[in-house]
Amino acid sequence: MKHYKICFALQLIFFIFLQAKFYLCRAKFFVFIAYFPMMNIHTQLQNALADALKVIFGIENQTIVLEKTREEFEGDFTFVVFPIVKLAKKSPEQTAQLLGDYLEKNTTLIAKFNVIKGFLNLKIADKVWIETLNSIQQTPNFGQFEPKNQRIMVEFASPNTNKPLHLGHLRNIFLGDAISRILQMYGYQVIKANLINDRGIHICKSMLAYQKMGEGQTPQTTGIKGDKLVGKFYVAFEQIYKREIQQLIEQGLTQEQAERQAPALLEAQELLRKWEENHPETIQLWKTMNQWVYDGFEATFREINVSFDKIYYESDTYLLGKDIVEEGLQKGIFYKKPDGSVWIDLTEEKLDHKLVLRADGTSVYITQDLGTADLKYNDFQIDKSIYVVGNEQDYHFKVLFAILQKLGRNYAQGLYHLSYGMVDLPSGKMKSREGTVVDADDLIAEMKQTAKKRTQELGKVSELSEIEKEKLYQILGVGALKYFLLKVEPKKRMLFNPEESIDFQGNTASFIQYTFARVHSLKRKAEELGINFTTLPATTDLPLHPTEQKVIFMLYQFPAVIQKAAEGYSPAEIANYAYDLTRAFNQFYSECSIFKAETEAQIQFRLSLANQVGHVIQQALALLGIEVPERM
RNA sequence: GGUUCCGUAGCUCAGCUGGAUAGAGCAACUGCCUUCUAAGCAGUGGGUCACUGGUUCGAAUCCAGUCGGAAUCACCA
């Protein structure tokens with residue numbers, strides 16, 4: 001409620017400001033319309049209602065909440081009068097009736113209204129909708145917000161280099177990529193960052209197995225993708241390790257002892273020590289194998305059309321943060337235990353005591369995260385910083401942010417953990433050790449294959465060249481996968497059933513892409529007939545079909561949806577919106593003939609509507625990193 | 001055990017800054033292609049919004065508790 005009041009107040013101030021500016025600077029007004037076509041109807045209605053409340057009932061400073069009218073009633077916006085009936089001193093019906101009468105008499109916005117109980121349903125005049133469509137049509141980059149002159153870093157992907165990417169990574173990557181695009185649209189300058197975990201015991205495990213049984217294999221000699229090859233040796237290590245543990249247990253050790261004393265692990269630890277001492281051969285092997293992995297990742301990223309602006313390597317950052325520990329000690333925020341380890345007391349923040357440096361002076365996970373936070377800020381002077389990391393680390397980020405807050409970092413306010421739920425299989429959690437992971441490359445290939453099969457069954461694209469067809473399968477397959485993972489609210493855990501392939505019907509990317517292709521087909525036909533696809537309607541006096549009105553209403557909401565998605569860090573908002581817009585358009589499409597419309601003006605109007613739907617679909621899907629085909 | 005998150009149709013999910021008779025898709029069934037792409041549209045059936053209480057004109061939505069599930073509470077990352 002509070003949020004809404006502020007929002008309304010800001011809108012009001014802005015509106016007044018612009019009205020004042022209007023006469024001074026006409027251009028500014030158009031910029032305003034360009035970025036906030038929403039304002040036109042919504043704010044005008046709110047203002048008119050505010051007037052009405054004041055004139056009729058003497059009520060001022062009332063928060064005016066407008067809702068979308070439900071399908072089963074006639075109208076576009078609904079004003080619920082229950083909250084004001086006490087102040088109005090009339091029955092809900094009378095109150096609503098009086099307000100409706102006032103609006104009808106004093107504004108040109110309303111075509112009609114009806115009152116049901118305490119609900120005032122307002123139907124916006126067709127003319128206003130057509131003007132809205134025209135204004136959207138004339139807006140270059142409809143949906144793009146004005147630059148906020150703020151920088152925001154989005155860190156995502158953050159893979160380990162000892163094994164290939166899997167389905168869980170894909171959710172992370174798609175989320176990070178989509179939220180980056182959304183924030184950019186919302187006016188931020190976005191820096192996409194990837195913090196690669198390229199060092200540590202797990203990498204040494206792959207390296208050790210390679211030394212033992214690699215026989216000089218390379219991605220080139222084996223034809224195996226680099227990350228897959230390295231992953232193969234990681235699995236090999238695990239097998240050796242497991243066998244050794246088994247043997248030791250048979251010799252009478254406990255499970256725990258065996259796990260600690262197995263020769264393979266000791267050797268891997270030795271390798272890590274050598275790495276830390278800069279042992280040339282070890283470093284060389286490490287570099288070589290990591291490069292294979294990077295090449296492999298790069299191929300996957302290219303396949304899913306994801307890129308980064310900045311790559312951090314943990315081998316560069318893992319020693320950072322020790323100076324911050326020193327700083328914290330000096331400021332009295334951290335304390336030292338007798339054994340020499342350093343801690344922070346976060347019980348005030350309802351967290352616990354947390355270790356920030358080991359007794360032997362070596363870092364823990366959070367130490368380097370403290371250092372990296374400073375590094376990011378110093379590198380880019382960022383105003384906000386987002387970490388796309390799974391919800392298993394919720395506690396870690398609470399602690400990290402609380403520490404940075406206590407240290408008085410001025411960027412601490414702008415930190416946000418975009419936490420998301422795990423992708424589970426019907427059998428439960430994905431476990432790499434048990435071989436139940438869904439490999440990213442395999443899944444992508446499968447999706448493309450399914451898209452191909454489905455396209456061939458329908459047989460509508462015989463005109464396309466082989467290259468174009470391949471591109472189409474790519475767009476459809478990858479799109480379906482992205483949409484599948486993005487349409488669910490990030491924080492919810494989700495289920496993926498490999499047995500049932502991802503749908504291409506219903507609430508899917510394919511459905512939305514298909515609708516874009518339909519629009520494109522209209523465009524081709526218009527060109528054949530020599531009709532300009534983008535011409536604006538000649539008149540605003542056309543009668544609107546209910547489905548046409550609904551489509552314009554959907555288009556009109558696009559900027560507001562972007563705002564909601566950006567502020568709530570939720571690409572799912574965009575996915576749901578794209579789906580609703582698409583459904584509305586398909587309803588229109590099946591109920592209204594475009595080229596057989598009664599008048600030229602109507603044909604123009606409907607083409608203009610279709611054209612705009614095509615644009616917004618393309619934009620909305622682009623925000624999710626999904627491409628659109630012109631035919632399918 | 002403490003903390004956090006989740007629980008809506010057979011399945012997968014919307015709706016959650018409180019508003020009218022809780023919505024989609026999949027699956028099942030029924031219509032609609034002498035062509036603006038049927039990967040579509042229209043319709044039928046399917047619900048104790050986990051449960052109990054509270055707040056109020058009004059609760060799937062807010063609060064408390066209970067039950068179920070997950071994560072976390074590491075000198076792993």
Side-chain angles (χ1 to χ4, degrees), chain A residues 1-5 7 65 67 69-73 78 80-83 85-86 92 116-119 121 158 160 197 200-202 314 318 339 341 343 350-352 354-360 362-366 368-369 390-396 398-399 419 421-422 424 428-429 451 454-455 457-458 460-461 476 480 484 487-489 491-497 500 503-515 517-526 528-529 572-573 575-576 579-580 582-583 586-597 606-607 610 631-632:
Chain A
M1 194 49 114
K2 198 178 167 194
H3 171 82
Y4 222 99
K5 273 183 189 159
C7 200
V65 181
E67 291 168 30
T69 304
R70 294 182 60 110
E71 290 285 336
E72 58 266 40
F73 303 101
T78 295
V80 184
V81 301
F82 290 116
V85 286
K86 271 184 196 159
I116 298 166
K117 294 193 270 182
F119 299 91
N121 299 321
S158 308
N160 291 352
N197 186 0
I201 188 70
H202 41 285
E314 283 202 12
Y318 82 109
D339 69 356
S341 59
W343 296 71
K350 290 184 180 166
L351 302 165
D352 210 338
K354 176 78 186 176
L355 176 96
V356 292
L357 197 71
R358 292 190 187 107
D360 63 5
T362 56
S363 298
V364 287
Y365 180 39
I366 205 151
Q368 59 172 295
D369 262 359
N391 64 6
E392 70 232 336
Q393 294 195 36
D394 284 355
Y395 184 77
H396 171 78
K398 273 187 192 166
V399 170
S419 166
M422 297 292 106
D424 289 329
K429 213 175 161 176
R454 181 115 187 97
T455 305
E457 279 166 9
L458 293 168
K460 295 184 193 174
V461 293
L476 295 178
F484 176 81
K487 75 173 174 185
V488 180
E489 204 185 320
K491 73 176 172 187
K492 291 199 176 174
R493 67 181 265 271
M494 60 188 298
L495 191 80
F496 174 77
N497 190 347
E500 307 165 12
D503 272 318
F504 286 81
Q505 275 172 30
N507 188 357
T508 63
S510 316
F511 170 56
I512 301 167
Q513 289 165 323
Y514 168 73
T515 304
R518 264 188 163 174
V519 170
H520 225 271
S521 151
L522 290 173
K523 188 174 184 176
R524 281 193 297 270
K525 173 137 183 183
E528 275 171 33
L529 297 174
E573 293 281 349
N576 290 326
Y579 177 62
D580 288 338
T582 301
R583 272 179 64 218
N586 278 312
Q587 281 163 6
F588 154 72
Y589 182 90
S590 66
E591 289 197 34
C592 302
S593 172
I594 292 172
F595 293 105
K596 287 179 194 153
R606 286 180 176 171
L607 283 175
R631 296 167 197 262
M632 66 184 272

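FYI, side chains are in, hydrogens and waters are out, and symmetry mates aren't considered; it's all heavy atoms of this structure. Below, read A as the first sequence line, B as the second, and so on, with proteins coming before strands; counting in each chain starts at 1.
Listed by chain and residue number, nothing satisfies the side-chain hydrogen bond (donor to acceptor under 3.5 Å, both in side chains) test with Thr455(A) (two or more places apart in sequence, or in another chain). Partners of Arg70(A) according to the side-chain hydrogen bond (donor to acceptor under 3.5 Å, both in side chains) rule, which considers only residues two or more places apart in sequence or in another chain, are Glu72(A). Partners of Glu528(A) by side-chain hydrogen bond (donor to acceptor under 3.5 Å, both in side chains), not counting sequence neighbours: none found. Applying the side-chain contact (heavy atoms from CB on, under 4.5 Å) test to Arg583(A) and every residue at least two apart in sequence or in another chain returns Phe511(A), Tyr579(A), Asp580(A), Gln587(A).
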| message | Can you build the contact string for nucleotides 29-37 of chain B? Use B for base contact, S for sugar-phosphate-only contact, and - for no protein heavy atom under 4.0 Å. | response | -------BB
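Contacts of Phe119(A) with the nucleic acid, taken as non-hydrogen atoms under 4.0 Å apart, include base atoms. Looking at heavy-atom distances under 4.0 Å, Pro83(A) makes contact with a base. Thr455(A) comes within 4.0 angstrom of a nucleotide base, judged by non-hydrogen atoms across all strands. Residue contacts shown for Thr362(A) are absent, as no nucleic acid heavy atom lies under 4.0 Å away. Base engagement by Gln393(A) is indicated by at least one non-hydrogen atom pair under 4.0 Å involving a base atom. At a threshold of 4.0 angstrom between heavy atoms, the contacts of Asn121(A) include nucleobase atoms, whether or not backbone atoms are also involved.
Checking C41(B), C57(B), C73(B) against every side-chain atom of Lys86(A), the shortest atom distance belongs to C57(B).
In this structure, Asp580(A) places its CG atom 8 Å from C1' of A24(B), rounding to the nearest Å.
One N or O donor and one acceptor, one from the side chain of Asp339(A) and one from the base of C75(B), sit under 3.5 Å apart.
C75(B) makes up no base pair with any nucleotide shown, lacking Watson-Crick or G-U wobble contacts both under 3.5 Å.
Under the stacking definition used here (centres under 5.5 Å, planes under 30°), the residue Phe82(A) qualifies as stacked on the base of G19(B). Both geometric conditions, a ring-centre gap below 5.5 Å and a plane tilt below 30°, are not fulfilled together for Phe511(A) over the base of G40(B).
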Report, one pair per line, the protein and nucleotides 11-15 of chain B atoms (nitrogen or oxygen only) whose separation is under 3.5 Å.
| from | atom 1 | to | atom 2 | distance (Å) |
| --- | --- | --- | --- | --- |
| C13(B) | OP1 | Leu495(A) | N | 3.3 |
| A14(B) | OP1 | Glu489(A) | N | 2.8 |
| A14(B) | OP2 | Lys492(A) | NZ | 2.9 |

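The side chain of Gln587(A) contributes an N or O atom lying less than 4.0 Å from OP1 or OP2 of A42(B).
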